[in-house]
Amino acid sequence: LGELSPEWGARLALHGRDLRVQVDPGVPDTRASAAAVRQVLRILVDNATIHGRGTVTVAVREASGAVAVDVADEGPGVQDP
């Protein structure tokens, strides 16, 4: 997440938008491929940048002994056709 913040924060700022990163206290250590996590987060934040609105929030939380990473924005979401 430390690598993500400067790059995506600057990109969102060009569009007048913000990036917020929240890490809940007590999140357990993880064992995951840094490259894979980085790739997934870049795709999700990129989608929120292109298709979303407002602040993009990346939230990290404990989820039943695992770690969950949620990416959200303030847009209306995906609409049914």
Side-chain angles (χ1 to χ4, degrees):
L1 292 177
E3 296 173 18
L4 181 77
S5 295
E7 176 185 346
W8 289 103
R11 183 172 176 190
L12 285 161
L14 291 173
H15 301 282
R17 298 173 62 195
D18 294 317
L19 175 68
R20 178 176 34 211
V21 177
Q22 299 172 283
V23 180
D24 286 353
V27 172
D29 290 335
T30 61
R31 293 183 191 173
S33 164
V37 171
R38 203 171 16 254
Q39 179 180 7
V40 169
L41 285 175
R42 284 191 173 136
I43 291 167
L44 293 172
V45 173
D46 188 49
N47 284 342
T49 301
I50 294 168
H51 305 291
R53 292 193 171 63
T55 299
V56 174
T57 301
V58 179
V60 182
R61 59 185 171 81
E62 188 274 332
S64 301
V67 175
V69 180
D70 304 310
V71 178
D73 61 70
E74 298 170 329
V78 177
Q79 305 298 313
D80 290 331

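Computed from a predicted model, the values in this text were never measured in an experiment.
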Kindly give the heavy-atom pair with the smallest separation between [X] and [Y], and that separation in Å.
X     : Y     : value
Ala63 : Ala68 : CB-CB, 3.9 Å
Asp18 : Leu12 : O-CD1, 3.7 Å
Val37 : Ala32 : CG2-CB, 3.8 Å
Leu41 : Val69 : CD2-CG1, 3.5 Å
Val21 : Ser5  : CG2-OG, 3.4 Å

Checklist entry - Who are the side-chain contact (heavy atoms from CB on, under 4.5 Å) partners of Ala35, not counting sequence neighbours? => result Ser33, Arg38

Checklist entry - side-chain contact (heavy atoms from CB on, under 4.5 Å) with Glu7: which residues, sequence neighbours excluded? => result Arg42

Checklist entry - Same hydrophobic cluster for Val58 and Val40, using side-chain heavy-atom links shorter than 4.5 Å among ILVMFWY? => result yes

Item to check | Connected via hydrophobic side-chain network under 4.5 Å: Ile43 and Leu19 | outcome: no

Next on the checklist: Tell me if a side-chain donor or acceptor on Arg17 pairs with a main-chain N or O of Gly54 at a distance below 3.5 Å.
Outcome noted: yes

Item to check | Contact list for residues 19-32, test salt bridge (charged side-chain N to carboxylate O under 4.0 Å, His left out), sequence neighbours left out | outcome: none

Item to check | Pairs involving residues 48-69, ordered by first then second residue, that meet salt bridge (charged side-chain N to carboxylate O under 4.0 Å, His left out) (sequence neighbours left out) | outcome: Arg61-Asp70

Anything under 3.5 Å between a donor and an acceptor, one on a side chain of residues 44-51, the other on a protein residue two or more places apart or in another chain? List them.
residue: Asp46; atom: OD1; partner: Arg11; partner atom: NH1; Å: 2.7
residue: Asp46; atom: OD1; partner: Arg11; partner atom: NH2; Å: 3.2
residue: Thr49; atom: OG1; partner: Val45; partner atom: O; Å: 2.8

